[in-house]
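Nothing fancy with the numbering, it's 1 onward along the sequence.
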Amino acid sequence: KDGEVITARILTCPLLDQDSESLLSIGVIEDITERTRVLKELKESRRQLQQREDLFQTFMNNSPLVAFMKDETGRYVYINRPWEEAFGKKSAEVMGKATQEIWPPESALQLMESDEAALASTEAIQFVLSLTDPAGRPIHLWVCKFSLTDPDGNRYVGGVALDITKQKEDEKALKES
């Protein structure tokens with residue numbers, strides 16, 4: 001190609017006579033320069049995407065906030081390590097499960113109602129939730145929930161929460177003294 005170096009795939013096949021002696025070889029040379037370039041770019045894009053995913057996971061797992069995402073039907077699609085630690089459930093136990101499969105009934109109802117409110121809003125919503133966690137302990141959370149839509153039009157509820165149980169208990173003790 002005009003002195004340009006290319007990447008090629010060469011296929012050859014011998015043509016044999018009746019005694020299996022080679023008469024000649026037939027070959028095809030295919031220019032795969034563009035395919036090789038595209039595959040190299042794809043590999044680099046995947047590497048960069050994995051690096052960003054790893055960085056995001058490190059950030060989320062070292063945040064003091066519990067974080068989660070649920071699909072539009074209320075099934076968990078993401079939780080971070082602080083969520084696992086706060087509520088005593090591993091990601092494998094939670095992924096794909098609905099809110100009511102994880103939380104006690106009254107708490108699940110509160111969470112589902114706030115999920116619906118977040119999906120209906122065009123802005124993030126913030127509130128304090130007092131509920132019972134999956135282990136049966138009373139907790140108080142400052143919560144921020146928001147809706148997300150992926151490129152395919154699927155909707156999600158994302159959120160972060162901060163455990164304020166200690167502050168609430170301190171406020172109560174102060175009022176009672």
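- Atom CZ of Phe59 sits in a sparse spot, with 12 or fewer heavy atoms from other residues, nucleotides or ligands closer than 6.0 Å.
- Atom CG of residue Asn80 and atom OG1 of residue Thr58 lie 12.0 Å apart, to the nearest 0.5 angstrom.
- Relative orientation of the Phe87 and Trp103 rings is perpendicular, given thresholds of 30° and 60° on the angle between their planes.
- Checked by atom type and distance alone, the side chain of Thr36 pairs as donor or acceptor with a backbone atom of Ile32 at under 3.5 Å.
- Side chain to side chain, Arg47 and Gln51 meet the donor-acceptor criterion of an N or O pair below 3.5 Å.
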| message | For a salt bridge (Lys or Arg N to Asp or Glu O under 4.0 Å) check, start with the C-alpha distance between Lys166 and Glu169, then their side-chain angles and the critical distance, and finish with the verdict. | response | CA-CA 5 Å; Lys166 176 82 170 100; Glu169 289 170 352; 5.8 Å; no
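- Between Lys89 and Ile79, the shortest heavy-atom distance links the atoms O-CD1, 4.3 Å.
- Judged purely by distance below 3.5 Å, without hydrogens or angles, the side chains of Glu44 and Gln48 pair a donor atom with an acceptor atom.
- Pairing each heavy atom of Met60 with each of Ala67, the nearest pair is CE-CB, 3.1 Å.
- Without hydrogens or angle criteria, Asn154 side chain to Asp150 main chain gives no donor-acceptor distance under 3.5 Å.
- Phe146 and Tyr78 fall within a single hydrophobic cluster, where Ile, Leu, Val, Met, Phe, Trp and Tyr side chains are chained together by heavy-atom contacts under 4.5 Å.
- Panel note: side chain Asp163, backbone Thr165; a donor-acceptor pair is recorded below 3.5 Å.
- Taking a 4.5 Å side-chain heavy-atom cut-off between Ile, Leu, Val, Met, Phe, Trp and Tyr, the cluster of Ile29 extends to Ile10.
- Glu93 and Gly88 get closest at one heavy-atom pair: OE2-O, 4.5 Å.
- A pairwise comparison of heavy atoms in Val157 and Asp115 identifies CG2-O, 3.7 Å as the closest pair.
- A donor-acceptor contact shorter than 3.5 Å links the side chain of Thr33 to the backbone of Thr7.
- Linking Ile, Leu, Val, Met, Phe, Trp and Tyr whenever their side-chain heavy atoms come within less than 4.5 Å leaves Val143 and Leu65 in two separate clusters.
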Verdict with reasoning, Arg35 to Glu30, per side-chain contact (heavy atoms from CB on, under 4.5 Å) = CA-CA 11 Å; Arg35 181 184 316 163; Glu30 178 184 10; 3.0 Å; yes
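- Considering Leu141, Ile139, Val128, Leu129 as possible partners of Ile164, the one that fulfils the side chain to side chain contact (heavy atoms under 4.5 Å, CB included) test is Val128.
- Shown here is Glu41, whose CD atom has more than 12 heavy atoms of other residues, nucleotides or ligands within 6.0 Å.
- Of the inter-residue distances, the one linking Trp83 atom CH2 with Met69 atom CE reads 14.0 Å to the nearest 0.5 angstrom.
- Pairing each heavy atom of Tyr76 with each of Val94, the nearest pair is CG-CG1, 3.5 Å.
- Among all heavy-atom pairs drawn from Pro82 and Val66, the shortest one is O-CG1, 3.4 Å.
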Residues Leu39, Lys43; criterion side-chain contact (heavy atoms from CB on, under 4.5 Å); working and verdict:
CA-CA 6 Å; Leu39 288 173; Lys43 184 177 180 180; over 6 Å; no
Please list every donor-acceptor pair under 3.5 Å in which a side-chain atom of residues 104-112 meets a protein atom from a residue at least two apart or in another chain.
{"from": "Ser107", "atom 1": "OG", "to": "Thr132", "atom 2": "N", "distance (Å)": "2.8"}
{"from": "Ser107", "atom 1": "OG", "to": "Thr132", "atom 2": "O", "distance (Å)": "2.8"}
{"from": "Gln110", "atom 1": "NE2", "to": "Ser130", "atom 2": "O", "distance (Å)": "3.4"}

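- Separating the NZ atom in Lys172 from the CG atom in Asp170 is a distance of 12.0 Å, to the nearest 0.5 Å.
- Remark: the backbone N or O of Ser91 is paired with a side-chain donor or acceptor of Glu84 at under 3.5 angstrom.
- Cluster membership for Phe127 and Leu131, using ILVMFWY side-chain heavy atoms within less than 4.5 angstrom, is shared.
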